[in-house]
Each structure stands twice: as structure tokens, then as C-alpha cells.
Amino acid sequence: MIKKIFITADLYANISCDQCGKIYRKDVSGFIGHKHSVKLKYTCKCGHSASVILERRRYIRKPRGFKGFLVNGKAKDPIIIEDLSKHGLKITLKQEHSLSIGDILYLEFSLDDPPGSKVTTQASVKRIISPTSAGCEFIVDEHYDKLGKYFLFHF
């Protein structure tokens with residue numbers, strides 16, 4: 001499996017050698033605008049070479065599987081929160097839906113913390129993955145509710 005590395009705030013990536021443990025700092029500002037994934041190959045001074053994938057997300061996405069609902073007026077369509085980050089989430093709907101980029105979604109779901117906290121939030125559709133799946137961004141990035149506590153302890 002190819003290791004993912006994250007970009008720092010100053011647009012550098014820290015690449016560590018799996019063999020000797022030495023860390024290299026590389027300027028990756030030229031790769032920020034690429035639309036597709038960026039795979040970098042490096043060779044360490046110890047002779048070991050490997051490939052890494054440059055992760056350009058602001059926050060790590062963690063796979064989840066929370067059950068919830070897409071609320072549309074009084075109608076509630078069942079969804080699954082496939083993955084979650086502080087900035088957004090990926091949802092899968094049980095049936096095809098007519099989502100469009102820019103749509104504002106009202107979501108309700110339960111967390112996997114001991115009390116099973118219920119979260120109600122809004123998200124904007126940023127990417128349509130399939131007729132039943134979409135990538136969304138939270139409308140409000142600052143989470144002062146139960147979701148904020150969840151991120152604090154689980155991320």
C-alpha cells in the first residue's frame with residue numbers, strides 16, 4: 001500500500017524513509033492546483049526508494065458508517081455517512097436522488113460515541129460521486145455542538 005503524506009500550512013510535505021527513518025522536507029506548492037491525485041517517487045540517501053501519494057485535504061477523513069437521514073421538509077430519506085472530517089463528509093443514499101452541486105442538505109445522524117449523540121447539521125454538495133453518493137462540505141466549519149466534541153476526542 002502506498003503511504004499518504006499531508007501538506008503542511010507552508011506548502012511543504014515531510015517524507016520519511018521507511019528504511020532509515022530520515023525525514024525529508026519537500027516543497028510541493030507546484031502540485032496544489034492539480035485536479036487528480038499526485039504520486040511522488042523519492043530516493044533516500046540510504047538508497048531506499050518508494051512512492052507516496054500527496055494528500056491535499058485540509059483534514060483527515062476517517063471512514064465511519066453512521067446511519068442517518070437527509071431531511072427534506074417532513075420527508076426523511078435514509079443515508080449512511082461513509083466518511084467524516086472536520087470540513088465535510090461523504091454520504092450514500094439508499095435510493096437514487098436528484099442532488100446537484102451547490103444544494104444545501106439538512107442532515108441528521110447519530111455518532112458512535114457512548115451516548116449515541118444525535119447531530120443535526122447542514123452541508124453543501126461539492127461533488128456528485130454516483131447517483132446515490134455525494135461529497136459534501138459543512139456549511140459551518142466551527143463545530144460547537146456534539147460533533148465538535150466528537151472531533152476533539154476521536155480525531
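Heavy atoms only: backbone and side chains are in, while hydrogens, waters and symmetry mates are out. Nothing fancy with the numbering, it's 1 onward along the sequence.
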Looking at [X] and [Y], what are the two nearest heavy atoms and their distance?
X	Y	answer
G135	I129	N-CD1, 3.9 Å
S133	T92	OG-OG1, 3.9 Å
D103	S98	OD2-O, 4.1 Å
V38	L40	CG1-CD2, 3.9 Å

Between [atom1] on residue [X] and [atom2] on residue [Y], distance to nearest 0.5 Å:
X	Y	atom1	atom2	result
L105	S124	CG	OG	7.5 Å
L54	I5	CG	CD1	5.5 Å
H97	L70	NE2	CG	5.0 Å
I91	F66	CD1	CZ	14.5 Å
I80	L89	CD1	CG	13.0 Å

Answer with yes or no whether the hydrophobic clustering places Y42 together with L11; edges join I, L, V, M, F, W, Y residues whose side-chain heavy atoms lie under 4.5 Å apart.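 Hydrophobic grouping puts Y42 with L11.
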So does E108 pair up with K118, basic N to acidic O under 4.0 Å? no
Test side chain to side chain contact (heavy atoms under 4.5 Å, CB included) on C44 and S49; report intermediate values, then the result. CA-CA 6 Å; C44 180; S49 64; over 6 Å; no
Going by heavy atoms in the side chains, are [X] and [Y] under 4.5 Å from each other?
X	Y	value
V125	S100	no
V71	L107	no
I2	K39	yes
Y12	I7	no
N14	F6	no
F109	T121	yes
S110	V119	no
K94	I79	no

Would you say [X]'s side chain and [Y]'s backbone share a donor-acceptor pair under 3.5 angstrom?
X	Y	result
K3	S16	yes
N72	A75	no
D113	S117	yes

Can you give each donor-acceptor pair under 3.5 Å made by side-chain atoms of residues 19-30, sequence neighbours left out, with the distance rounded to 0.1 Å?
residue: Y24; atom: OH; partner: K45; partner atom: N; Å: 3.1
residue: R25; atom: NH2; partner: D10; partner atom: OD2; Å: 2.4
residue: D27; atom: OD1; partner: S29; partner atom: N; Å: 3.1
residue: D27; atom: OD1; partner: S29; partner atom: OG; Å: 2.9

